[in-house]
Structures are given as C-alpha cells and as structure tokens.
Amino acid sequence: MPLLYLTRKEHFNAAHRLWNDKWSEEKNFEMFGKCANPHYHGHNFDLYVTVKGQPNPDTGCVMDLKVLKVIIRDQVTDQLDHQNLNLDVEWLKGQMPSIESMAVAMWPRISNALPEGVQLHKITLWETQNNFVEYFGE
Ligand code: NI
C-alpha cells in the first residue's frame, strides 16, 4: 500500500510580544526587533498540518479532511484566533510565543487527536510572508 502525505491549511490572527525578562531592553530589541514592542503586535498566521498514512480502500483517502479540519480548529486555531499569545492561551503559558515554541506546543494536541492509522508528519507555521518554521516532532 502506498504511503501518502495529506495537508490541511488553517489560518488565525493573534498578537504577541517577544521579550526575555532576563535581558536588558537593548538586548531584547537587538534580538527581537519590532517583535519586542511593549504593546504587542499582530500576525496573520498560516498553519499547515501534514499527516501521513495509507489510503483506506473504501474511500481512497488517508483520512477525512473534514475531520482533520475540525481537529486543527478545536485543538489549536480556535484557541489562538484573536488572542494574545503571551497572556490568553493556557497551553502557551510561560513560553516565548515564537513560531518555534508554538509549533512544538501544537504537536501533541493535534497528534493525540488523530484517528487510528494516521500519523502527524509535519507542522508548518507561517508568521509573515517571508518567515516560517517546520516541525517534525523530534
Ligand atoms: Ni512578531
């Protein structure tokens, strides 16, 4: 049976601030630039979730994309959309809300919700038109 990779894209908007309390203001702005601005700022995030599996002979599909959509929204994007990532999201508390940390925090939430026989392969999170991160769960 062939192994295929299936991707669903979702979108959310959220605010954050990248700031390390252990550093001086100067060092924070040197590292994070405008992302360190004190009153937060927003991004339009694009999230691509790729699962892998073998197509079910009855449906020809790895999994029902409607089900994948609901998993991603319930577990991740509905909880992040229009929120402040530093303050409002329980499962990001105490973490720097970088796309790297966010991708890692999303992994078990999505992975644990997938149906039998389907594995999470990759989370790709775009923060701007130029910057994105890929996470394979390692
Ligand atoms: Ni930012």
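Bear in mind the structure is a predicted one, so any value in this text is a computation, not a measurement. Atoms within a ligand are numbered from 1 in the order they appear, just like the ligands themselves.
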J.: Verify whether one side chain among Gln79 and Trp91 offers a donor that lies under 3.5 Å from an acceptor in the other.
T.: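 Yes.
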J.: Does any donor atom in the side chain of His11 or Asn13 lie under 3.5 Å from an acceptor atom in the other side chain?
T.: yes
J.: Listed by chain and number, what are the salt bridge (Lys or Arg N to Asp or Glu O under 4.0 Å) partners of Arg109, not counting sequence neighbours?
T.: none
J.: Test of understanding: with salt bridge (Lys or Arg N to Asp or Glu O under 4.0 Å), list the residues that count as partners of Asp81, not counting sequence neighbours.
T.: none
J.: Starting from the Ni ion (ligand 1), count all protein N, O or S atoms within a radius below 2.8 Å.
T.: 4
J.: Using a 3.5 Å cut-off and no angle test, enumerate the donor-acceptor pairs between side-chain atoms of residues 129-138 and protein atoms at least two apart in sequence or in another chain.
T.:
residue : atom : partner : partner atom : Å
Glu134  : OE2  : Lys122  : NZ           : 2.8
Tyr135  : OH   : Glu138  : O            : 3.2

J.: In the structure I gave you, are the side-chain heavy atoms of Asn112 and Trp107 within less than 4.5 Å of one another anywhere?
T.: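 No, their side chains stay 4.5 Å or more apart.
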